[in-house]
2 protein chains.
Amino acid sequence: MPLLLLKDLPRYECLLEVAQQFPGLDPSACEVFLHLLRTGDEAFRVTEEHFHAKGLSQGRFTVLMLLYDKTCGETHAFTPAQLAEMSGVTRATMTGLIDTLERDGMVTRRPHPEDRRQLSVELTKKGIARLDDLLPEHFRRIASVMSVLSETERKTMVRLLSKIAASASETFPASVAGGGA
Amino acid sequence: MPLLLLKDLPRYECLLEVAQQFPGLDPSACEVFLHLLRTGDEAFRVTEEHFHAKGLSQGRFTVLMLLYDKTCGETHAFTPAQLAEMSGVTRATMTGLIDTLERDGMVTRRPHPEDRRQLSVELTKKGIARLDDLLPEHFRRIASVMSVLSETERKTMVRLLSKIAASASETFPASVAGGGA
DNA sequence: CCAATTAAGTTAGGAGGCTAACTATCAGCC
DNA sequence: GGCTGATAGTTAGCCTCCTAACTTAATTGG
(Lines give C-alpha, C1' and ligand atoms only; values in the text may rest on other atoms or scores of the structure.)
Protein backbone atom coordinates (compact mmCIF):
# COMPACT_ATOMS: atom_id res chain seq x y z
CA MET A 1 0.00 0.00 0.00
CA PRO A 2 1.94 2.88 -1.28
CA LEU A 3 -0.11 5.91 -0.45
CA LEU A 4 -0.17 7.34 2.98
CA LEU A 5 -3.42 9.08 3.65
CA LEU A 6 -5.41 10.44 6.48
CA LYS A 7 -7.59 7.64 7.66
CA ASP A 8 -10.46 9.95 8.38
CA LEU A 9 -10.82 12.55 5.69
CA PRO A 10 -11.24 16.10 6.88
CA ARG A 11 -14.88 16.89 7.16
CA TYR A 12 -16.17 19.37 4.68
CA GLU A 13 -17.10 21.85 7.41
CA CYS A 14 -13.52 21.68 8.62
CA LEU A 15 -12.28 22.47 5.15
CA LEU A 16 -14.54 25.51 5.04
CA GLU A 17 -13.09 26.62 8.34
CA VAL A 18 -9.52 26.29 7.15
CA ALA A 19 -10.43 28.04 3.92
CA GLN A 20 -10.82 31.24 5.86
CA GLN A 21 -7.13 31.12 6.75
CA PHE A 22 -6.03 30.21 3.23
CA PRO A 23 -7.61 32.34 0.54
CA GLY A 24 -6.24 30.00 -2.13
CA LEU A 25 -7.93 26.94 -0.66
CA ASP A 26 -10.88 25.74 -2.71
CA PRO A 27 -12.94 23.59 -0.34
CA SER A 28 -14.83 21.54 -2.89
CA ALA A 29 -11.67 21.01 -4.94
CA CYS A 30 -9.84 19.72 -1.87
CA GLU A 31 -12.75 17.50 -1.01
CA VAL A 32 -12.69 15.86 -4.44
CA PHE A 33 -8.91 15.60 -4.28
CA LEU A 34 -8.88 13.85 -0.91
CA HIS A 35 -11.65 11.48 -1.90
CA LEU A 36 -9.83 10.67 -5.11
CA LEU A 37 -6.60 9.76 -3.32
CA ARG A 38 -8.41 7.79 -0.68
CA THR A 39 -10.59 5.83 -3.08
CA GLY A 40 -7.69 5.20 -5.43
CA ASP A 41 -5.77 3.83 -2.49
CA GLU A 42 -8.64 1.59 -1.44
CA ALA A 43 -9.01 0.23 -4.96
CA PHE A 44 -5.28 -0.35 -5.17
CA ARG A 45 -5.33 -2.18 -1.86
CA VAL A 46 -8.09 -4.55 -2.97
CA THR A 47 -6.04 -5.95 -5.84
CA GLU A 48 -2.63 -5.55 -4.21
CA GLU A 49 -3.64 -7.72 -1.26
CA HIS A 50 -4.70 -10.40 -3.69
CA PHE A 51 -1.44 -10.11 -5.63
CA HIS A 52 0.49 -10.40 -2.42
CA ALA A 53 -1.38 -13.55 -1.43
CA LYS A 54 -0.32 -15.03 -4.78
CA GLY A 55 3.30 -13.95 -4.43
CA LEU A 56 3.08 -11.01 -6.81
CA SER A 57 2.97 -7.24 -6.63
CA GLN A 58 1.32 -4.62 -8.79
CA GLY A 59 4.58 -4.11 -10.65
CA ARG A 60 5.29 -7.76 -11.29
CA PHE A 61 1.66 -8.35 -12.25
CA THR A 62 1.83 -5.56 -14.80
CA VAL A 63 4.92 -7.10 -16.38
CA LEU A 64 3.29 -10.52 -16.61
CA MET A 65 0.14 -9.02 -18.13
CA LEU A 66 2.15 -7.19 -20.76
CA LEU A 67 3.73 -10.47 -21.79
CA TYR A 68 0.42 -12.30 -21.72
CA ASP A 69 -1.82 -12.63 -24.71
CA LYS A 70 -4.58 -15.03 -23.95
CA THR A 71 -6.41 -14.44 -27.21
CA CYS A 72 -3.49 -15.54 -29.34
CA GLY A 73 -2.64 -18.50 -27.15
CA GLU A 74 0.86 -17.16 -27.43
CA THR A 75 2.99 -14.98 -25.22
CA HIS A 76 4.51 -11.76 -26.37
CA ALA A 77 8.20 -11.10 -26.08
CA PHE A 78 9.49 -7.65 -25.21
CA THR A 79 12.78 -6.11 -24.27
CA PRO A 80 13.20 -4.73 -20.75
CA ALA A 81 13.23 -1.22 -22.20
CA GLN A 82 9.90 -1.80 -23.95
CA LEU A 83 8.38 -3.23 -20.78
CA ALA A 84 9.64 -0.27 -18.78
CA GLU A 85 8.20 2.17 -21.28
CA MET A 86 4.81 0.42 -21.32
CA SER A 87 4.69 0.09 -17.54
CA GLY A 88 5.75 3.64 -16.82
CA VAL A 89 8.77 2.72 -14.71
CA THR A 90 12.47 3.28 -15.28
CA ARG A 91 14.67 0.70 -16.91
CA ALA A 92 16.46 0.28 -13.60
CA THR A 93 13.22 -0.60 -11.87
CA MET A 94 12.35 -3.02 -14.66
CA THR A 95 15.67 -4.79 -14.11
CA GLY A 96 14.66 -5.40 -10.50
CA LEU A 97 11.16 -6.61 -11.41
CA ILE A 98 12.51 -9.02 -14.01
CA ASP A 99 15.18 -10.20 -11.56
CA THR A 100 12.49 -11.22 -9.09
CA LEU A 101 10.22 -12.73 -11.75
CA GLU A 102 13.09 -14.70 -13.24
CA ARG A 103 14.21 -15.89 -9.80
CA ASP A 104 10.66 -17.18 -9.23
CA GLY A 105 10.60 -18.86 -12.64
CA MET A 106 7.83 -16.70 -14.14
CA VAL A 107 9.83 -15.24 -17.02
CA THR A 108 13.07 -15.91 -18.87
CA ARG A 109 15.67 -13.58 -20.32
CA ARG A 110 16.89 -14.67 -23.72
CA PRO A 111 19.53 -13.00 -25.85
CA HIS A 112 18.42 -11.10 -28.91
CA PRO A 113 19.74 -12.82 -32.06
CA GLU A 114 20.67 -9.65 -33.93
CA ASP A 115 21.44 -7.03 -31.30
CA ARG A 116 23.58 -8.32 -28.48
CA ARG A 117 22.67 -5.34 -26.32
CA GLN A 118 19.06 -6.40 -26.17
CA LEU A 119 17.28 -9.12 -24.25
CA SER A 120 14.00 -10.82 -24.93
CA VAL A 121 11.77 -11.35 -21.90
CA GLU A 122 9.18 -14.10 -22.19
CA LEU A 123 6.62 -15.77 -19.99
CA THR A 124 7.33 -19.31 -18.85
CA LYS A 125 4.66 -21.96 -18.51
CA LYS A 126 4.79 -21.31 -14.80
CA GLY A 127 4.17 -17.62 -15.38
CA ILE A 128 1.18 -18.36 -17.59
CA ALA A 129 -0.17 -20.78 -15.00
CA ARG A 130 0.22 -18.16 -12.29
CA LEU A 131 -1.81 -15.67 -14.30
CA ASP A 132 -4.47 -18.23 -15.14
CA ASP A 133 -4.73 -18.96 -11.44
CA LEU A 134 -4.85 -15.30 -10.46
CA LEU A 135 -6.97 -13.57 -13.07
CA PRO A 136 -10.45 -14.94 -12.31
CA GLU A 137 -10.33 -13.71 -8.72
CA HIS A 138 -8.66 -10.49 -9.85
CA PHE A 139 -11.51 -9.66 -12.22
CA ARG A 140 -14.04 -10.83 -9.67
CA ARG A 141 -12.68 -8.34 -7.16
CA ILE A 142 -12.84 -5.47 -9.62
CA ALA A 143 -16.37 -6.36 -10.67
CA SER A 144 -17.39 -6.70 -7.04
CA VAL A 145 -16.02 -3.31 -6.00
CA MET A 146 -17.63 -1.58 -8.96
CA SER A 147 -20.93 -3.40 -8.66
CA VAL A 148 -22.31 -0.51 -6.62
CA LEU A 149 -22.21 1.73 -9.70
CA SER A 150 -24.78 1.65 -12.48
CA GLU A 151 -23.67 1.68 -16.09
CA THR A 152 -24.60 5.35 -16.28
CA GLU A 153 -22.56 6.12 -13.18
CA ARG A 154 -19.60 4.23 -14.63
CA LYS A 155 -19.70 6.31 -17.78
CA THR A 156 -19.87 9.44 -15.66
CA MET A 157 -16.91 8.32 -13.55
CA VAL A 158 -14.74 7.57 -16.57
CA ARG A 159 -15.60 10.93 -18.10
CA LEU A 160 -14.85 12.94 -14.96
CA LEU A 161 -11.72 10.96 -14.07
CA SER A 162 -10.42 11.49 -17.59
CA LYS A 163 -11.00 15.23 -17.27
CA ILE A 164 -9.03 15.31 -14.02
CA ALA A 165 -6.18 13.16 -15.36
CA ALA A 166 -5.91 15.30 -18.47
CA SER A 167 -5.95 18.48 -16.41
CA ALA A 168 -3.25 17.15 -14.09
CA SER A 169 -0.90 15.96 -16.81
CA GLU A 170 -1.34 19.12 -18.86
CA THR A 171 -1.09 21.64 -16.05
CA PHE A 172 1.67 19.78 -14.21
CA PRO A 173 3.50 17.57 -16.71
CA ALA A 174 5.48 14.72 -15.25
CA SER A 175 9.04 15.83 -14.70
CA VAL A 176 10.74 12.91 -16.44
CA ALA A 177 8.68 9.90 -17.46
CA GLY A 178 5.96 10.66 -19.96
CA GLY A 179 2.60 11.84 -18.70
CA GLY A 180 0.91 12.03 -22.06
CA ALA A 181 -2.66 10.86 -22.29
CA MET B 1 5.35 8.04 -7.40
CA PRO B 2 4.28 4.84 -5.83
CA LEU B 3 1.87 3.29 -8.24
CA LEU B 4 3.01 1.47 -11.27
CA LEU B 5 0.46 1.67 -14.00
CA LEU B 6 0.13 1.05 -17.65
CA LYS B 7 1.05 4.23 -19.40
CA ASP B 8 -1.59 3.73 -22.01
CA LEU B 9 -4.72 2.26 -20.55
CA PRO B 10 -6.14 -0.70 -22.39
CA ARG B 11 -8.66 0.42 -24.93
CA TYR B 12 -12.24 -0.42 -24.19
CA GLU B 13 -12.54 -2.59 -27.30
CA CYS B 14 -9.54 -4.53 -26.12
CA LEU B 15 -11.22 -5.14 -22.79
CA LEU B 16 -14.28 -6.45 -24.60
CA GLU B 17 -12.05 -8.81 -26.54
CA VAL B 18 -10.38 -10.15 -23.44
CA ALA B 19 -13.76 -10.46 -21.75
CA GLN B 20 -14.60 -13.29 -24.11
CA GLN B 21 -11.80 -15.33 -22.56
CA PHE B 22 -12.70 -14.43 -19.00
CA PRO B 23 -16.38 -14.78 -18.22
CA GLY B 24 -15.87 -13.01 -14.90
CA LEU B 25 -14.39 -9.90 -16.49
CA ASP B 26 -16.73 -6.92 -16.40
CA PRO B 27 -15.45 -4.52 -19.06
CA SER B 28 -17.00 -1.32 -17.77
CA ALA B 29 -15.97 -2.17 -14.20
CA CYS B 30 -12.38 -2.68 -15.32
CA GLU B 31 -12.48 0.53 -17.27
CA VAL B 32 -13.55 2.53 -14.22
CA PHE B 33 -11.02 0.70 -12.08
CA LEU B 34 -8.11 1.45 -14.39
CA HIS B 35 -9.10 5.08 -14.77
CA LEU B 36 -9.44 5.41 -11.02
CA LEU B 37 -5.93 4.07 -10.37
CA ARG B 38 -4.46 6.15 -13.14
CA THR B 39 -6.13 9.41 -12.13
CA GLY B 40 -5.38 8.84 -8.47
CA ASP B 41 -1.76 8.37 -9.41
CA GLU B 42 -1.72 11.57 -11.47
CA ALA B 43 -3.28 13.55 -8.64
CA PHE B 44 -0.81 12.08 -6.17
CA ARG B 45 2.07 12.99 -8.45
CA VAL B 46 0.99 16.63 -8.71
CA THR B 47 1.31 17.23 -4.98
CA GLU B 48 4.14 14.77 -4.36
CA GLU B 49 6.41 16.56 -6.83
CA HIS B 50 5.76 19.78 -5.00
CA PHE B 51 6.47 18.17 -1.64
CA HIS B 52 9.69 16.78 -3.01
CA ALA B 53 10.78 20.22 -4.23
CA LYS B 54 10.25 21.48 -0.67
CA GLY B 55 12.13 18.61 0.95
CA LEU B 56 9.04 16.74 2.11
CA SER B 57 7.11 13.64 1.12
CA GLN B 58 3.45 12.74 1.33
CA GLY B 59 4.12 10.90 4.57
CA ARG B 60 6.06 13.68 6.25
CA PHE B 61 3.55 16.27 5.02
CA THR B 62 0.70 14.30 6.56
CA VAL B 63 2.47 14.20 9.91
CA LEU B 64 3.13 17.94 9.86
CA MET B 65 -0.49 18.64 8.94
CA LEU B 66 -1.75 16.49 11.79
CA LEU B 67 0.35 18.55 14.20
CA TYR B 68 -0.70 21.82 12.61
CA ASP B 69 -3.67 23.80 13.76
CA LYS B 70 -3.68 27.13 12.06
CA THR B 71 -7.03 28.20 13.44
CA CYS B 72 -5.94 27.88 17.05
CA GLY B 73 -2.58 29.51 16.45
CA GLU B 74 -1.27 26.54 18.39
CA THR B 75 0.23 23.22 17.42
CA HIS B 76 -1.19 19.94 18.55
CA ALA B 77 0.93 17.35 20.29
CA PHE B 78 0.46 13.67 19.63
CA THR B 79 2.25 10.45 20.44
CA PRO B 80 3.85 8.50 17.59
CA ALA B 81 1.21 5.81 18.03
CA GLN B 82 -1.59 8.38 17.64
CA LEU B 83 0.05 9.85 14.57
CA ALA B 84 0.47 6.38 13.06
CA GLU B 85 -3.16 5.57 13.71
CA MET B 86 -4.39 8.85 12.20
CA SER B 87 -2.08 8.55 9.20
CA GLY B 88 -2.85 4.94 8.50
CA VAL B 89 0.76 3.70 8.71
CA THR B 90 2.45 1.34 11.14
CA ARG B 91 4.22 2.59 14.26
CA ALA B 92 7.49 1.45 12.71
CA THR B 93 6.91 3.64 9.68
CA MET B 94 6.00 6.55 11.92
CA THR B 95 9.31 6.17 13.74
CA GLY B 96 11.08 6.64 10.43
CA LEU B 97 9.00 9.65 9.43
CA ILE B 98 9.57 11.34 12.79
CA ASP B 99 13.29 10.49 12.61
CA THR B 100 13.62 12.38 9.35
CA LEU B 101 11.42 15.27 10.46
CA GLU B 102 13.34 15.61 13.72
CA ARG B 103 16.69 15.44 11.91
CA ASP B 104 15.50 18.30 9.69
CA GLY B 105 14.32 20.29 12.71
CA MET B 106 10.61 20.22 11.82
CA VAL B 107 9.39 18.43 14.94
CA THR B 108 10.67 17.56 18.41
CA ARG B 109 10.22 14.47 20.53
CA ARG B 110 9.55 15.24 24.18
CA PRO B 111 9.10 12.75 27.00
CA HIS B 112 5.65 12.27 28.41
CA PRO B 113 5.56 13.43 32.03
CA GLU B 114 3.38 10.61 33.33
CA ASP B 115 4.03 7.61 31.10
CA ARG B 116 7.69 7.10 30.36
CA ARG B 117 6.85 4.80 27.44
CA GLN B 118 5.21 7.60 25.54
CA LEU B 119 6.63 10.53 23.60
CA SER B 120 5.05 13.81 22.65
CA VAL B 121 5.71 14.97 19.10
CA GLU B 122 5.36 18.67 18.43
CA LEU B 123 5.93 21.06 15.55
CA THR B 124 8.86 23.45 15.80
CA LYS B 125 8.80 27.01 14.55
CA LYS B 126 10.73 25.76 11.55
CA GLY B 127 8.09 23.14 10.87
CA ILE B 128 5.33 25.71 11.04
CA ALA B 129 7.29 27.99 8.73
CA ARG B 130 7.77 25.14 6.26
CA LEU B 131 4.04 24.51 6.15
CA ASP B 132 3.24 28.20 5.80
CA ASP B 133 5.65 28.29 2.90
CA LEU B 134 4.27 25.17 1.28
CA LEU B 135 0.52 25.33 1.74
CA PRO B 136 -0.44 28.18 -0.61
CA GLU B 137 1.11 26.45 -3.61
CA HIS B 138 -0.24 23.11 -2.42
CA PHE B 139 -3.80 24.40 -2.37
CA ARG B 140 -3.23 26.25 -5.62
CA ARG B 141 -2.25 23.01 -7.33
CA ILE B 142 -5.29 21.18 -6.05
CA ALA B 143 -7.60 24.01 -7.10
CA SER B 144 -5.91 24.14 -10.49
CA VAL B 145 -6.26 20.42 -11.19
CA MET B 146 -9.90 20.42 -10.13
CA SER B 147 -10.77 23.65 -11.95
CA VAL B 148 -11.96 21.59 -14.93
CA LEU B 149 -14.90 20.29 -12.89
CA SER B 150 -18.08 22.26 -12.19
CA GLU B 151 -19.51 22.34 -8.70
CA THR B 152 -22.14 19.84 -9.80
CA GLU B 153 -19.49 17.52 -11.22
CA ARG B 154 -17.52 17.76 -7.99
CA LYS B 155 -20.55 16.72 -5.97
CA THR B 156 -21.07 13.82 -8.35
CA MET B 157 -17.43 12.76 -8.06
CA VAL B 158 -17.47 12.81 -4.27
CA ARG B 159 -20.68 10.81 -4.21
CA LEU B 160 -19.46 8.14 -6.63
CA LEU B 161 -15.98 7.94 -5.11
CA SER B 162 -17.52 7.48 -1.69
CA LYS B 163 -19.66 4.66 -2.98
CA ILE B 164 -16.62 2.90 -4.42
CA ALA B 165 -14.52 3.41 -1.30
CA ALA B 166 -17.31 2.13 0.93
CA SER B 167 -17.82 -0.86 -1.33
CA ALA B 168 -14.12 -1.67 -1.33
CA SER B 169 -13.62 -1.42 2.42
CA GLU B 170 -16.78 -3.37 3.20
CA THR B 171 -16.33 -6.12 0.63
CA PHE B 172 -12.56 -6.43 1.15
CA PRO B 173 -11.72 -5.09 4.62
CA ALA B 174 -8.11 -4.11 5.16
CA SER B 175 -6.21 -7.04 6.58
CA VAL B 176 -4.46 -5.22 9.43
CA ALA B 177 -4.73 -1.44 9.61
CA GLY B 178 -8.27 -0.17 9.94
CA GLY B 179 -10.33 0.25 6.81
CA GLY B 180 -13.27 1.96 8.44
CA ALA B 181 -15.43 4.04 6.12
C1' DC C 1 4.94 -8.24 45.64
C1' DC C 2 6.43 -10.33 41.85
C1' DA C 3 5.35 -12.85 37.34
C1' DA C 4 2.73 -12.38 33.15
C1' DT C 5 0.56 -9.64 29.89
C1' DT C 6 -0.01 -5.57 27.41
C1' DA C 7 1.55 -1.35 25.30
C1' DA C 8 4.95 2.21 23.18
C1' DG C 9 8.69 2.88 20.59
C1' DT C 10 12.67 1.27 18.06
C1' DT C 11 15.49 -1.75 15.28
C1' DA C 12 16.53 -5.09 11.56
C1' DG C 13 15.69 -6.80 7.21
C1' DG C 14 13.03 -6.95 2.89
C1' DA C 15 10.64 -5.06 -1.28
C1' DG C 16 10.03 -1.77 -4.75
C1' DG C 17 10.35 2.85 -6.39
C1' DC C 18 13.94 6.51 -7.93
C1' DT C 19 18.50 8.85 -9.98
C1' DA C 20 23.13 8.63 -11.49
C1' DA C 21 26.90 6.27 -13.05
C1' DC C 22 28.87 2.32 -15.40
C1' DT C 23 29.57 -1.48 -19.15
C1' DA C 24 28.80 -3.38 -23.49
C1' DT C 25 27.18 -2.88 -28.01
C1' DC C 26 25.72 -0.62 -32.16
C1' DA C 27 25.65 3.18 -35.67
C1' DG C 28 27.65 7.05 -38.00
C1' DC C 29 31.22 9.62 -39.96
C1' DC C 30 35.18 11.24 -41.45
C1' DG D 1 38.94 1.36 -39.77
C1' DG D 2 38.82 3.61 -35.64
C1' DC D 3 36.75 7.81 -32.84
C1' DT D 4 32.30 9.58 -31.28
C1' DG D 5 27.80 9.39 -29.69
C1' DA D 6 23.61 6.91 -28.72
C1' DT D 7 21.30 2.87 -26.80
C1' DA D 8 20.38 -1.45 -23.68
C1' DG D 9 20.93 -3.26 -19.51
C1' DT D 10 22.85 -3.35 -14.95
C1' DT D 11 24.73 -1.68 -10.62
C1' DA D 12 25.03 1.26 -6.51
C1' DG D 13 23.00 4.16 -3.27
C1' DC D 14 18.91 6.50 -1.39
C1' DC D 15 14.04 6.79 0.18
C1' DT D 16 9.65 5.07 2.04
C1' DC D 17 6.86 1.65 3.06
C1' DC D 18 6.17 -3.04 5.24
C1' DT D 19 6.54 -7.16 8.94
C1' DA D 20 8.72 -9.27 12.80
C1' DA D 21 11.37 -9.17 16.69
C1' DC D 22 13.20 -6.61 20.51
C1' DT D 23 13.49 -3.18 24.71
C1' DT D 24 11.44 -0.72 28.08
C1' DA D 25 7.62 0.55 30.90
C1' DA D 26 2.99 0.10 32.79
C1' DT D 27 -0.75 -2.84 34.30
C1' DT D 28 -2.87 -6.84 36.17
C1' DG D 29 -3.57 -10.83 39.12
C1' DG D 30 -2.47 -14.54 42.03
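All figures in this text were calculated on a predicted structure; none of them were measured in a lab. Each chain gets a letter, A, B and so on, in the order its sequence line appears, and its residues count up from 1.
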Problem - L56(A) or L119(B), whichever maps to the more 5' nucleotide of DNA chain C - result: L119(B)
Give the rounded distance in Å between these two atoms: [atom1] of [X] and [atom2] of [N].
{"X": "M94(A)", "N": "dA15(C)", "atom1": "CE", "atom2": "P", "answer": "18 Å"}
{"X": "D99(B)", "N": "dC14(D)", "atom1": "CG", "atom2": "P", "answer": "17 Å"}
{"X": "E114(A)", "N": "dA8(D)", "atom1": "CD", "atom2": "C1'", "answer": "15 Å"}
{"X": "E85(A)", "N": "dG9(D)", "atom1": "CD", "atom2": "C1'", "answer": "16 Å"}
{"X": "R117(B)", "N": "dA25(D)", "atom1": "CZ", "atom2": "P", "answer": "10 Å"}
{"X": "F51(B)", "N": "dC15(D)", "atom1": "CZ", "atom2": "P", "answer": "19 Å"}
{"X": "D115(A)", "N": "dT23(C)", "atom1": "CG", "atom2": "P", "answer": "20 Å"}
{"X": "H52(A)", "N": "dG14(C)", "atom1": "NE2", "atom2": "P", "answer": "15 Å"}

Practice task
Looking at every strand, decide which applies to R91(B) at a 4.0 Å heavy-atom threshold: base, sugar-phosphate, or nothing.
Solution key: base
Practice task
Would you mind classifying the nucleic acid contact of Q82(A) as base, sugar-phosphate or nothing, using non-hydrogen atoms under 4.0 angstrom?
Solution key: nothing
Handout entry: Result of checking H50(A), H138(A), H52(A) against F61(A) for ring pair (Phe, Tyr, Trp, His ring centres under 6.0 Å)
Key = H138(A)
Practice task
Ignoring backbone atoms, test whether T90(A) places a side-chain nitrogen or oxygen under 4.0 Å from the OP1 or OP2 oxygen of dC18(C).
Solution key: yes
Practice task
From the options dC18(D), dG9(C), dA15(C), select the nucleotide whose nearest atom is closest to the side chain of T93(B).
Solution key: dC18(D)
Problem - Residue R103(A), side-chain atoms from C-beta onward, closest of dA15(C), dT10(C), dA25(D) - result: dA15(C)
Handout entry: Residue pairs involving residues 77-123 of chain B (criterion ring pair (Phe, Tyr, Trp, His ring centres under 6.0 Å); sequence neighbours excluded)
Key = H76(B)-F78(B)
So that I can tick it off, tell me whether [Y] and [X] are bridged by a salt bridge, with the cut-off set at under 4.0 angstrom between side-chain N and carboxylate O.
{"X": "K54(A)", "Y": "E137(A)", "answer": "no"}
{"X": "R154(A)", "Y": "E31(B)", "answer": "no"}
{"X": "K125(B)", "Y": "D132(B)", "answer": "no"}

Completion exercise
Assign each of A92(B) and T100(B) the nucleotide of DNA chain D bearing its closest heavy atom; nearer the 5' end lies the nucleotide of T100(B)
Exercise for the section: Could you pick out which residue, Q118(A) or R116(B), lies toward the 5' side of DNA chain D when each is mapped onto its nearest nucleotide? Expected result: Q118(A)
